[in-house]
Each structure stands twice: as structure tokens, then as C-alpha cells.
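Throughout, a chain's letter reflects where its sequence line sits, starting with A, and its residues are numbered from 1.
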Number of protein chains: 2
Amino acid sequence: MSTETIATSTTPRTAKSAPSHPLSPLSASELTSAAAIIRASWPAHTDLHFKVVTLEEPPKAEVLRYLDAEHSKKSLPSVSRRAFLNYYIRNTNKFHEAVVDLTTGRVLHNVLLGPFVHANGDGDEIVAIEKAALEDEAVQAEIAKLQLPEGTVVISDPWIYGSDGIDDEERLYQCFLYLRDPSNPAEADSNHYALPLPISPVLTTETMKVIRIDLLPTGVDNTLKPTEPYQIKPPNEYIPEHQQLRTDLKPLSVVQPEGASFQVSQQGTSNVVEWQKWKFRVGFNQREGMVLYDVRYDNRSLFYRLSLSDMNIPYADPRHPYHKKSAFDLGDAGAGIMANNLKLGCDCLGSIYYLDAVLSDDKGGATPMENVVCIHEQDAGIGWKHTNYRTGRAAVVRSRELVLQSIITVSNYEYILAFIFNQAGEVSYEIRATGILSTQPIDEGIEVPFGTVVHPGVLAVHHQHIFSLRVDPYLEGPDNRLVYDEAHAMPRSDFNPHGTGYFVQETVVSESGGYDLDSSANRTFKIQNANVRNPINGKPVAYKIQAPDFQKILSDKDSFNYKRAEFSDHNVYVVKYRDGELYAGGKYTNQSRGGTGVRSWAERRENVKDTDFVLYIQAGINHVPRIEVCRHPHLPYFPCFLFAPHLA
Amino acid sequence: MSTETIATSTTPRTAKSAPSHPLSPLSASELTSAAAIIRASWPAHTDLHFKVVTLEEPPKAEVLRYLDAEHSKKSLPSVSRRAFLNYYIRNTNKFHEAVVDLTTGRVLHNVLLGPFVHANGDGDEIVAIEKAALEDEAVQAEIAKLQLPEGTVVISDPWIYGSDGIDDEERLYQCFLYLRDPSNPAEADSNHYALPLPISPVLTTETMKVIRIDLLPTGVDNTLKPTEPYQIKPPNEYIPEHQQLRTDLKPLSVVQPEGASFQVSQQGTSNVVEWQKWKFRVGFNQREGMVLYDVRYDNRSLFYRLSLSDMNIPYADPRHPYHKKSAFDLGDAGAGIMANNLKLGCDCLGSIYYLDAVLSDDKGGATPMENVVCIHEQDAGIGWKHTNYRTGRAAVVRSRELVLQSIITVSNYEYILAFIFNQAGEVSYEIRATGILSTQPIDEGIEVPFGTVVHPGVLAVHHQHIFSLRVDPYLEGPDNRLVYDEAHAMPRSDFNPHGTGYFVQETVVSESGGYDLDSSANRTFKIQNANVRNPINGKPVAYKIQAPDFQKILSDKDSFNYKRAEFSDHNVYVVKYRDGELYAGGKYTNQSRGGTGVRSWAERRENVKDTDFVLYIQAGINHVPRIEVCRHPHLPYFPCFLFAPHLA
């Protein structure tokens with residue numbers, strides 16, 4: 001918990017005033033204007049609960065004309081600024097979607113959605129749900145049966161109510177209850193996940209009232225027992241003052257005496273970053289957080305847009321109500337609104353530049369989001385080396401990387417999300433998961449095959465994290481194709497008399513669909529532009545995709561989990577580009593029923609060869625919890641660790 | 001090629017004199033004594049060509065008794081020091097294996113090997129082969145047909161002669177010829193791999209004479225054309241003075257003002273490293289390079305021995321003589337003898353400690369090997385983080401790693417090999433390949449499915465790199481087991497009514513054999529000790545193995561490539577421990593015929609459950625060459641890059 005690593009700060013901020021770019025996020029004044037325009041469309045005193053006010057990105061064709069003019073330094077076409085809004089009439093289930101033109105002040109679209117269409121949660125709502133759950137008299141009566149020590153603090157973690165098709169037309173929250181350490185109830189940062197309770201209130205957001213109290217199964221089957229007096233369990237705290245910290249680690253500093261090698265040019269609400277032949281525009285929104293636009297290398301276009309599109313986390317416990325734990329952390333909450341304010345030395349090292357953002361609040365106002373992206377360089381080891389053994393001369397270069405990092409907190413979990421660029425034209429997207437396991441109570445002395453006992457009386461259930469990265473390529477032009485290479489053994493012949501030969505064969509993907517990796521064939525996907533050729537060997541320019549394989553969603557094909565997580569069953573989805581299709585799990589994931597995401601789009605079976613297509617690249621882990629040797633509840637993953645310890 | 005990254009140096013060297021440890025490499029005097037003892041066993045003036053003089057590790061049972069006494073601070077048993085030797089009677093094919101007792105001076109074992117058993121190459125021999133090939137009159141006559149410009153320098157790259165069972169009983173070298181840039185013939189570091197020639201002399205080491213000159217196919221099939229006048233091709237240099245270097249990267253320094261956090265205690269020829277609860281002994285030998293012994297965490301034993309055991313690189317071109325390109329870089333050459341002298345700032349950053357070694361030479365003398373291992377710490381990003389959204393308090397720790405790195409040059413290729421330890425008890429083995437592609441001539445205007453044209457007239461053939469890491473576990477005692485977990489969907493039932501449940505199931509591996517990953521089942525191997533239980537949940541202590549899947553060897557099962565690379569067909573091999581079994585491809589890989597490595601040992605079908613077993617973990621890539629955007633001939637792999645560019 002100590003920050004044993006020292007860092008330096010300060011980078012020259014190349015702030016300059018520039019006209020609004022069509023891809024710039026809405027400014028605070030645009031956000032509030034958009035909300036005001038919608039508010040004005042309703043009778044006075046109608047109380048609106050805004051869920052999101054964000055940039056409605058212009059049609060791609062318009063933006064491409066703008067970018068073309070921008071890069072060729074011609075006069076810029078005018079592109080109208082539009083806002084996309086979602087809102088409720090407060091304390092009703094009337095959920096709306098609207099688009100307003102900020103230039104003219106006109107409402108272009110304003111419709112009531114539903115049925116089965118619900119908004120994401122938001123911070124104020126979640127806090128209100130927590131409070132309502134704990135203040136409910138029936139909940140208090142159930143808690144009273146626990147006969148907790150005087151002063152014990154009960155904590156409520158509201159969970160998104162995953163769909164199962166049973167009485168879930170309403171927008172609901174399932175709350176899981178925990179204790180702060182009863183022997184230290186004043187500690188507001190006590191790790192309540194170490195002390196879960198078997199009581200779970202369900203609330204409706206229409207009235208913000210408890211509609212039901214679920215008791216939780218705590219044995220090996222789905223038997224429910226009446227609430228009994230609580231047996232005191234040991235705490236398990238994470239805050240540093242409760243740890244025996246190591247004292248034998250000496251400081252390691254990253255120092256850049258001449259500052260950073262990148263430039264950031266702030267242009268209104270977006271930022272243009274330039275580094276080592278790279279140039280791109282950074283946006284930020286409520287749902288996806290960081291978005292990169294118009295990514296170019298050496299003035300050659302590569303990507304129109306890059307963002308994390310979606311994330312699904314289905315849990316393995318099939319028992320009611322746990323079977324509904326299947327969150328979409330972007331669609332149900334939002335990577336932007338959950339972003340941490342990053343700190344030098346802890347979250348980022350070296351010469352750091354921080355980006356701020358502004359997002360909407362539930363009242364139609366603006367919420368400043370400070371330091372939500374940090375930009376820094378890092379050394380990445382040896383970039384290339386060769387020693388001529390005849391002369392002994394070694395030629396060696398180190399590799400430098402540029403990192404754009406955000407960290408989001410989604411209740412118990414943290415995700416560390418980063419785009420990483422290198423000097424060889426490669427870009428990677430790194431996902432690290434950290435934070436604390438989502439826990440539930442379990443009777444002592446038993447074990448279950450769908451979870452791991454990680455603390456006395458505490459079960460951490462197995463779960464999958466499945467991520468979808470949206471890649472909208474523009475590889476030297478709009479007409480790209482997806483291909484895959486496979487390596488196969490040659491049959492024996494006069495040409496291959498010793499059975500040692502093999503060959504690589506390329507297959508063009510011509511129809512939208514879901515496609516998979518196959519390590520036995522070394523199957524490798526590439527984005528190509530067949531119209532632009534490498535001058536040396538005449539092969540099309542291409543970008544290779546390297547993503548680790550993962551176990552696809554384990555929920556069966558008839559389950560709501562499977563139907564809703566439309567990206568969870570293939571390594572790669574490719575679809576023809578359509579304006580407005582951004583989210584692999586569909587636009588509205590909260591209590592969704594499926595049929596609105598990338599699997600459905602792919603089923604249009606459209607041509608994706610030599611045209612404008614979008615790729616969704618999935619990655620995932622099956623998190624089978626273990627007791628961590630360092631007592632950190634959950635270590636980062638996606639590293640190259642060969643061994644991971646399961647020591648006591 | 002510039003070293004734009006600055007580094008600081010100096011670490012307190014805790015040098016202290018200590019008695020020789022049974023696992024310490026042979027000292028210079030032990031090496032020379034061992035050779036002298038063998039030399040004395042032959043008639044005077046017999047000229048011996050030593051291939052290796054190295055520590056014959058004592059039987060494990062003896063070492064374990066010693067380690068037990070060492071750790072419990074009891075009086076140390078005496079363990080005799082023995083040397084293992086391989087040698088030829090010089091300029092004959094009489095290849096010997098010997099073991100001598102250094103304490104008594106007795107020869108314990110000294111036998112003539114063969115047939116079909118051949119030694120590794122060594123540096124002096126390779127230089128002599130190069131010279132002999134180029135001085136051969138028939139070779140010169142063939143080169144003359146090229147009508148090269150006056151002063152052009154021809155370079156010969158001797159290659160290990162991979163077995164095909166055809167006239168390969170003798171120990172042979174296949175030389176591939178190249179040019180330095182004819183317009184700059186004085187440049188000794190000209191990249192000759194950019195200018196390959198179609199002439200390939202074959203030499204026998206018995207006489208060091210050319211026995212045959214192969215012409216090389218340069219078309220799409222195996223047609224051979226008579227040698228014709230050479231058409232001048234453009235050079236492609238890697239040395240910095242031939243590059244347009246970027247000037248816009250500012251320095252990034254890693255500074256450790258209080259020095260490093262690790263201690264190195266030099267004990268004779270081995271070094272004990274301590275860092276963050278880790279403690280282990282570092283050895284170094286001719287074949288494996290760096291070897292770690294007696295690896296412990298928090299004074300709990302984890303591994304008896306860790307090392308890179310073998311590496312095989314079969315090439316895809318089935319045409320004579322290219323089908324024989326299938327090197328074993330450890331067995332045919334040696335990771336120790338090929339190790340680079342590492343330099344601060346280029347190869348390693350921060351507060352570095354270098355380890356030296358001493359190896360044998362071909363005359364039975366000692367070769368000092370300076371700075372062959374560098375030890376340093378590095379920051380590895382965020383180790384763990386959680387933000388309590390209710391209080392806004394973030395708890396965050398950074399992650400520090402300890403790196404032990406060696407870099408080896410095997411002709412055109414470099415491998416960057418590192419053991420990396422972290423603060424959470426995890427250890428990883430990282431392999432990066434860099435250097436230059438092995439190239440061959442190709443006619444202009446054609447392409448072939450088994451390679452990529454990377455430069456005018458230059459073909460880089462596809463090839464696999466298959467590595468085998470030897471893991472000899474000692475997880476809290478000798479009796480360990482290998483298990484694997486799989487995650488499976490639960491069938492629908494009253495317990496799983498929504499089809500969302502899944503479970504994890506453990507399988508114990510009870511018999512020696514080759515086993516594979518299966519990402520569709522999330523199959524995960526673990527080393528367990530069933531006798532030692534986690535006090536929280538009663539599960540056996542274990543070490544999880546995380547290795548990326550890879551395409552197994554593509555050469556068919558009847559090929560010599562397959563028979564020889566006994567580790568190349570499974571992700572994991574597990575065998576019962578036997579003294580002296582160290583190398584997954586067998587003890588003598590040069591022109592081997594198979595049957596002497598880990599596949600053969602596994603076929604003993606021995607019990608490996610709750611006993612002393614050894615694990616061989618394979619990793620690999622299928623390298624399908626591309627033209628690199630940065631003009632570096634070959635970038636590192638095994639990184640987490642999501643995209644890799646194929647731009648012109």
C-alpha cells in the first residue's frame with residue numbers, strides 16, 4: 001500500500017485555443033444547453049433525471065470529409081454539433097432517448113423507449129438505493145435477527161439486476177449486504193467484502209422502495225435457512241495502516257530531465273497527441289471513457305476510432321439470486337463516469353500529462369472529471385539487438401512506449417485500461433483487473449465447485465470477464481478487408497520428401513460474422529488494404545491482430561447471459577460499418593434481453609470485403625479465485641507470468 | 001541504434017568468501033584440472049579437442065541432504081566435486097564422454113560415443129569452418145562464376161547439419177554464403193544477410209575439408225540453375241551510421257538513489273540472490289547459461305532447479321539442403337558460451353549487478369565470461385489498487401520486479417532470456433527473440449508460400465521457435481503432483497434453472513507423458529503439494545503455470561525434425577525425476593536421430609503423482625516474417641502487442 005516508487009512530474013502543456021472539432025466531446029456549456037433544450041420541450045417543473053448527455057458523433061462520411069480537409073489544410077466544412085441524451089421523467093419508468101442540434105437548438109429526436117429498455121445506473125442513484133435499502137423497515141427487521149454487536153455498520157452494495165425473464169420487466173437493483181469490522185465500526189474504509197451477510201433486498205427505481213428481500217443460500221445447494229444470529233468472523237483489511245508493510249524496498253525513480261517526448265495540443269474539449277510519428281485525437285465519454293480518433297502513423301491513416309466497447313462479467317453460481325450477477329460494466333455503469341482521478345507516483349510514473357474531461361450529471365449539469373487519463377512514456381526493454389560475432393560489435397536500441405491510461409472503479413473491481421504505442425508502429429490495448437473480489441457468505445467447513453473459499457465464511461464465486469475492443473480501421477483509406485493466415489504442414493511429395501515443409505495460406509473474410517482463433521493452425525487475423533502495396537514484395541499493407549485466446553462464455557445458448565453478451569462467443573466479430581453502432585452488447589444493456597448487439601448485426605451477413613467494416617476483438621479470463629500470497633485480494637492479470645502461486 | 005535511455009550504475013557487491021557449494025559451477029582451476037586429468041589418461045601428445053568441461057551435478061539426494069543441513073544451519077555433509085567432459089581426439093570423429101572426481105583425481109567414466117552421436121559446435125571450430133569453406137579451391141571456382149566486383153567480401157555462415165538420414169553419419173557443417181555490401185567492402189559490420197548467394201559448401205569436421213558444394217534453389221520449385229554472374233542488389237544495413245536516426249526522443253532515466261533492494265552474496269563460483277522474501281542460487285553453464293537452484297520464498301522451498309532446457313528452430317522450406325535447417329541452439333551451440341557481455345544503459349537499466357562466469361575452451365583451459373547475467377529491479381506498473389467509492393479513498397501499491405537477464409547470440413539470432421520475480425511470489429520466464437532473419441536468395445518477381453520476400457532478392461523462410469523450460473519443483477518438499485483444472489458449464493437442472501452455472505474440476509496427472517492446453521476448457525496446470533494445506537480453505541498449496549499456447553511442430557511424425565525435437569509436440573511434458581536427465585531434446589542434439597529426450601522418458605509411463613517429477617513447459621512461435629516498419633530486421637516477440645503493423 002506504500003508508494004515506494006518516486007516519480008517526477010511536469011510536462012510542457014501546449015495549450016492552444018482551437019475551433020471545436022466534430023469529434024470533440026461536448027463542452028460543459030454544450031452539455032447544459034442540450035439538457036436545457038430537452039427540459040424546455042417538457043411542461044415546466046417536469047423533473048428530468050438525466051442518464052447521459054454526450055456527443056452524438058456526426059455521420060462518418062461527414063467527419064471523413066472534415067478530416068480530409070484538415071489534413072490537406074483546405075478550408076474546413078462545417079459539421080453541426082449534436083448531443084445525444086437519455087433521461088427519465090424522475091421517479092417514473094418513462095425512459096427517453098433524444099438527439100438535439102446544438103447549433104439550431106432543435107430537438108431532432110425525442111422518444112419514449114421500452115418495454116425492456118432501461119438506463120444505466122449512476123452515482124447518485126446508487127447512493128440513494130443503498131440508503132433506501134438500509135432504511136427499509138423490513139430490511140432492518142431482517143438485520144435485527146442477526147443480533148449484531150452494538151454499533152456495527154451494515155453496508156449495502158447495489159447490483160445491476162441481470163435479466164432472467166422472471167418478473168424483471170421493471171428496473172430493479174439487487175443489494176448485497178456486508179459488515180464493516182464490528183470491532184472497528186468507525187473505519188469507513190473497512191473491507192466489508194470480508195464480512196458478507198445472507199440478506200439481499202431488491203428495490204425498484206420507479207419508487208426507490210424495497211419490493212422483496214431475498215435470503216441467500218449459504219450451503220452446497222439452494223436451501224435457504226432463516227436468518228440466524230451472526231457469528232463474528234475475522235476482518236481482512238486492505239488499507240495500509242492494517243498491514244505489516246515491507247520496509248526493504250528502496251526507491252526507484254523514473255526521471256526525464258528534459259521532459260517528455262510527446263506533445264499534447266488541447267483543442268477545446270479534445271486533445272491531439274503527437275509522439276514518434278504517431279498522431280491521434282483523444283476523446284472521453286461517459287460510457288467508453290477514453291476514445292481515440294483519427295490514429296495516424298507517419299501521416300498514414302490507420303484507425304478511424306478505437307475504444308473499449310463493452311465488458312461482461314457472468315458469475316458461476318446458478319442459485320437465485322446469484323444467477324443474475326452478469327454485469328456490463330460499460331453499458332450498465334460507464335467507464336467514463338467511473339474513472340479515477342489519477343495521482344502521480346501511484347498510478348503513473350515519469351513525466352506525466354493528465355487529461356481532464358467533463359461529463360453530464362443527473363440534473364442536466366456538468367461534472368468536471370479531473371486527471372481521468374494520464375499520458376506518459378515508459379522504457380520497454382530492448383527494442384532490437386544484434387551482435388556480429390565476427391567483430392564483437394553489438395548494435396542495440398531500447399524500446400520506448402507511450403501509454404494513455406485510465407483506471408475505473410466499478411464497485412468492488414478496478415480495471416486499469418491503457419493504449420500503448422511503440423516506436424515500431426504497434427499499438428496495444430492492455431487490460432489489468434484489480435480491486436476486490438465480489439463475495440458472498442458460505443457456511444464453514446464446506447466447499448463448492450463454482451467458487452473458492454477465500455476467508456472464513458467467505459465465498460468468491462468463479463466468474464468470467466469478457467472484454468470487447470472496438471476497432472474501426474481506416475488503413476490508408478476506407479476500403480479494408482479482414483484476412484487470416486494459417487500455417488499448415490505440406491503433404492509429403494517429391495517437393496517435400498522429408499516431411500518438414502510447411503506453408504502459410506491466406507483466407508479473406510468476406511461476410512460479417514463471428515470468427516475464432518485456432519492455435520493449432522497458428523491462425524492470425526490481419527486488417528489489410530489490398531489497394532496499397534508494400535513496394536518490396538507487393539503484399540498489401542496490413543495490421544496484424546494479436547489477442548490471446550480465451551474461454552468463451554459458459555452460460556448456455558438459451559440463457560439470457562448468452563443472448564445479452566452478444567460479443568462473448570467469438571474471438572473476433574466483423575460487421576459492416578453503420579453510423580451509431582458502437583456497443584457490442586447493444587445500446588442499452590441494463591436488464592436487456594439481447595438481439596441488439598454485434599451478434600445480431602453480424603447476422604445481416606453483409607459483405608465486409610474491401611469496404612468499411614468494424615472489428616470487435618474479444619479478450620477474457622475465467623477468474624477462478626485463489627487466496628493471494630501477498631494478501632492482496634486480487635492481483636492484476638494479463639501479464640506474462642508463467643507461474644502464479646497458490647501458497648497459503 | 002542510439003541508446004537514448006540513460007542509466008545509473010553501481011550496486012553494493014556483498015562479496016564474501018565461502019566454501020564451495022555442491023551446485024557451484026566449476027572454477028577455472030577445477031576446469032583446467034578436470035581437463036588435465038583426462039589428458040593424462042591418454043598417451044602423451046594426444047591432442048584433445050574439448051567440447052565442454054562443466055560441473056557434473058551431484059545426485060539430487062546428496063544435494064538435498066546438503067541443502068537441508070545448510071538451511072537448518074547444521075554441519076554440512078561433504079559432497080564430492082565432479083566434472084563432466086566431452087571431447088574429441090582432435091581431427092578425428094572419436095567423440096568421448098567422461099566424468100572425473102576432482103577431489104580424488106580419479107576418472108570415473110570415460111567412453112567413446114557413437115555412432116550418430118556428435119558434439120556441439122564451438123566458437124573456434126565455427127571460425128575455422130568459415131575459413132576452410134572460403135579457402136577451398138572448388139568453392140572459390142564456384143564463387144568466381146558470380147563475377148563479383150573487385151574487392152567484394154564473401155561471408156560464410158556455418159550451419160549445424162540437421163539430420164535427414166541421408167549420408168549424414170559424419171559430423172558435417174553446411175555453410176551459407178553471403179556478401180558484404182560490394183560498394184563498401186571495408187565495413188566489417190555490413191549486414192551480409194541482405195545479400196545471400198546460391199552456393200553452399202558442406203564440410204566435414206574430421207578433416208575440416210569441403211566434401212560437397214550444394215547449389216541452392218532460388219525459384220518456386222526445387223530446380224537448380226548453374227551459377228550465373230551476380231546481379232548487384234541494394235544493401236540493407238543495421239549499424240547506426242547507416243540509419244536516419246530519430247532525434248526527438250528525450251532521455252528517460254531509471255534512478256535508484258539508495259541503490260538496489262537486492263543482495264548478492266558471491267560464494268565461490270555461484271551467487272546467492274536475496275530480494276523481497278526470495279532467495280535462490282544462480283549458476284551458469286556452457287549449455288543452459290543461467291540456472292537457478294534452490295528457489296525459496298519466505299523460506300519455503302519452491303523449486304530445486306529452473307533452466308531453459310532446449311530450443312528447436314525448424315524451417316519451412318522443404319527443398320534440399322534447406323530442409324536440414326532445424327537447429328537446437330542450446331544443444332548444438334550453447335546458451336552459456338553464446339552469452340553476450342552486457343552493457344549498462346543498452347542491455348540493462350537502473351542499479352545493475354553483473355554476474356561473471358567461467359567456461360571451458362577447446363584446449364581444456366578456462367574462458368572468463370564477463371557480465372553474462374545482469375540483475376536489476378524494474379517497476380511493473382500498479383500491483384494492486386482499490387478505491388472505496390463511498391469515501392473516495394484509493395489504496396494503491398506499485399509492483400516491483402527483480403530481473404535476471406542474459407542475452408545470447410546464435411549466428412543471426414539473438415535471444416533475450418530473463419527470469420522475473422515479483423513481490424507476490426510469482427516467477428516468470430520471458431523470452432524475446434531479436435537479431436536478424438536467416439535469409440536465402442530468391443529470384444526476383446516470384447513469391448513462395450513457405451517464406452516472405454523481405455528485400456530485393458532475399459527470402460526469409462517461415463520457421464518455428466520452440467522452447468522448453470525445465471522446471472524441477474520442490475514445493476515444500478519432494479512429493480509433488482501435477483494437476484489441471486477445467487471449467488465446464490453445468491447442465492440445466494433444478495439447481496441450474498437458467499443455464500448460467502459453471503464449475504471447476506480438478507484432474508490429477510498420475511502418469512508421465514505429454515499434456516496440452518485447451519482454452520475452450522480454460523485448462524490450467526498446477527504443481528501441488530497435497531501434504532501441505534492452505535489454512536483458510538484446506539486446499540493444497542500449489543503453483544499455477546501460465547504459458548501461452550502455440551502451434552506444435554509442423555514437421556510430420558515420421559520426419560527427423562519431429563523425432564529429434566522430443567519436446568515440440570506438447571505444451572507440457574511431465575516425467576519422473578532421474579539424475580542426469582536435463583535436456584528435453586536429449587544430451588547430444590547435433591545430427592541426433594531422436595529417442596533420447598523427454599518424449600522417450602515420458603514413454604516409461606512412470607507414476608508422477610505425489611513423487612519427485614520434472615516438468616518441461618514449452619512455448620513457441622511460428623515466425624512468419626514480415627517487412628518491419630522501422631527497418632529493424634526483426635522485432636522482439638512474446639509481448640502483449642495487440643496490433644503489429646505490416647506497413648510498407
Task: Between B:Tyr238 and A:His386, ring centroids under 6.0 Å - done: yes

Task: Which atoms of B:Tyr389 approach chain A - backbone, side chain, both or neither, heavy atom under 4.5 Å - done: side chain

- [ ] Under 4.5 Å heavy-atom distance to chain A, tell me which part of B:Val448 shows up: side chain, backbone, both or neither.
- [x] neither

- [ ] Sort B:Glu414 into side chain, backbone, both or neither according to what part of it lies under 4.5 angstrom from a heavy atom of chain A.
- [x] side chain

Open item on the list: So for B:Leu517, is it side chain, backbone, both, or neither that comes closer than 4.5 Å to the heavy atoms of chain A?
Closed with: neither

TODO: Determine whether B:Gln423 and B:Val397 make a side-chain contact, defined as any pair of heavy atoms from C-beta on separated by less than 4.5 Å.
DONE: no

Task: Minimum-distance pair of heavy atoms, taken over all atoms of B:Tyr562 and B:Asp556 - done: CB-O, 3.1 Å

TODO: Give, as side chain, backbone, both or neither, the part of B:Glu258 having an atom under 4.5 angstrom from any heavy atom of chain A.
DONE: both

- [ ] Please look at A:Ser411 and chain B and tell me whether the side chain, the backbone, both or neither of the residue comes under 4.5 angstrom of a heavy atom of that chain.
- [x] both

Task: Option that, when pairs with chain A are counted at under 4.5 Å, heavy atom only, ranks first among B:Asp221, B:Asp248, B:Asn561 - done: B:Asp248

- [ ] State, to 0.1 Å, how close B:Ala542 and B:Lys526 come at their nearest heavy-atom pair, and which atoms those are.
- [x] CB-CD, 4.0 Å

- [ ] Consider only side-chain N and O atoms of A:Arg246 and B:Gln276, and report whether a donor and an acceptor are under 3.5 Å apart.
- [x] yes

Task: Considering all heavy atoms, the nearest A:Pro497-B:Pro318 contact - done: CD-O, 4.1 Å

Task: Heavy-atom pair with the smallest gap, counting every atom of B:Arg432 and A:Ala380 - done: NH1-O, 3.0 Å

- [ ] Give, as side chain, backbone, both or neither, the part of A:Val532 having an atom under 4.5 angstrom from any heavy atom of chain B.
- [x] neither

Task: A:Pro449 side chain near B:Val504 side chain, heavy-atom distance below 4.5 Å - done: no

Task: Part of A:Phe550 lying under 4.5 Å from any heavy atom of chain B - done: backbone

Task: Region of B:Tyr315 in contact with chain A, defined by heavy-atom distances below 4.5 Å - done: backbone

Task: A:Ile382 vs A:Arg398 side-chain heavy atoms within contact, under 4.5 Å - done: yes

Open item on the list: Just so I understand: if I count every heavy-atom pair under 4.5 Å between each of A:Gly123, A:Ser326, A:Ala487, A:Ala489 and chain B, which residue has the most?
Closed with: A:Ala487

Open item on the list: At a 4.5 Å cut-off on heavy atoms, which part of A:Asp347 comes close to chain B: side chain, backbone, both, or neither?
Closed with: both

Task: Pick from B:Thr452, B:Ile407, B:Thr391 with the largest number of heavy-atom pairs that fall under 4.5 Å of chain A - done: B:Thr391

Open item on the list: Is there a side-chain contact between A:Arg319 and A:Phe450 in this structure, where contact means two heavy atoms from C-beta onward sitting under 4.5 Å apart?
Closed with: yes

Open item on the list: Tell me which of these, B:Glu130, B:Gln464, B:Met338, has more heavy-atom pairs under 4.5 Å with chain A than the rest.
Closed with: B:Glu130

Open item on the list: To check you understand the geometry: which heavy-atom pair defines the closest contact between A:Arg492 and A:His498, and what is its length?
Closed with: NH2-O, 3.2 Å

Task: Heavy-atom proximity to chain A below 4.5 Å, by part of B:Thr524 - done: neither

Task: Heavy-atom pairs under 4.5 Å with chain A, option from B:Asn388, B:Ile126, B:Asn412 with the top count - done: B:Asn388

- [ ] Name the region of B:His488, side chain, backbone, both or neither, that has any atom closer than 4.5 Å to a heavy atom of chain A.
- [x] backbone

TODO: Sort out for me which of A:Asn622, A:Asn496, A:Thr409 touches chain B most, counting heavy-atom pairs under 4.5 Å.
DONE: A:Asn622

Task: Pairwise side-chain contact, A:Thr434 with A:Ile416, heavy-atom cut-off 4.5 Å (strictly under) - done: yes

Task: Contact class of B:Ala394 relative to chain A, heavy atoms under 4.5 angstrom - done: neither

Task: Heavy-atom pair count under 4.5 Å with chain A, highest-scoring of B:Gly165, B:Pro456, B:Pro314, B:Ala521 - done: B:Ala521

Task: Atom group of B:Gln378 that falls short of 4.5 Å from chain A, counting heavy atoms - done: backbone

Task: Main-chain N/O of A:Glu426 paired with A:Asn422 side-chain donor or acceptor, under 3.5 Å - done: yes

Task: Residue among A:Gly501, A:Gly381, A:Ala316, A:Ser555 with most heavy-atom pairs under 4.5 Å to chain B - done: A:Ala316

Open item on the list: Can a side-chain donor-acceptor contact be found between B:Glu377 and B:Gln256 if the only test is distance below 3.5 angstrom?
Closed with: yes

Task: Flag side-chain contact, heavy atom, 4.5 Å: B:Asn222 against B:His320 - done: no

Task: Portion of B:Asn340 that has a non-hydrogen atom of chain A nearer than 4.5 angstrom - done: side chain

Task: Pairs of heavy atoms under 4.5 Å with chain A: top-ranked of B:Asp298, B:Asp164, B:Asp494, B:Val127 - done: B:Asp164

- [ ] Please look at A:Glu447 and chain B and tell me whether the side chain, the backbone, both or neither of the residue comes under 4.5 angstrom of a heavy atom of that chain.
- [x] side chain

Open item on the list: Taking side chain as everything from C-beta outward and backbone as N, CA, C, O, which of these in A:Ser520 sits under 4.5 Å from a heavy atom of chain B? Side chain, backbone, both or neither.
Closed with: backbone

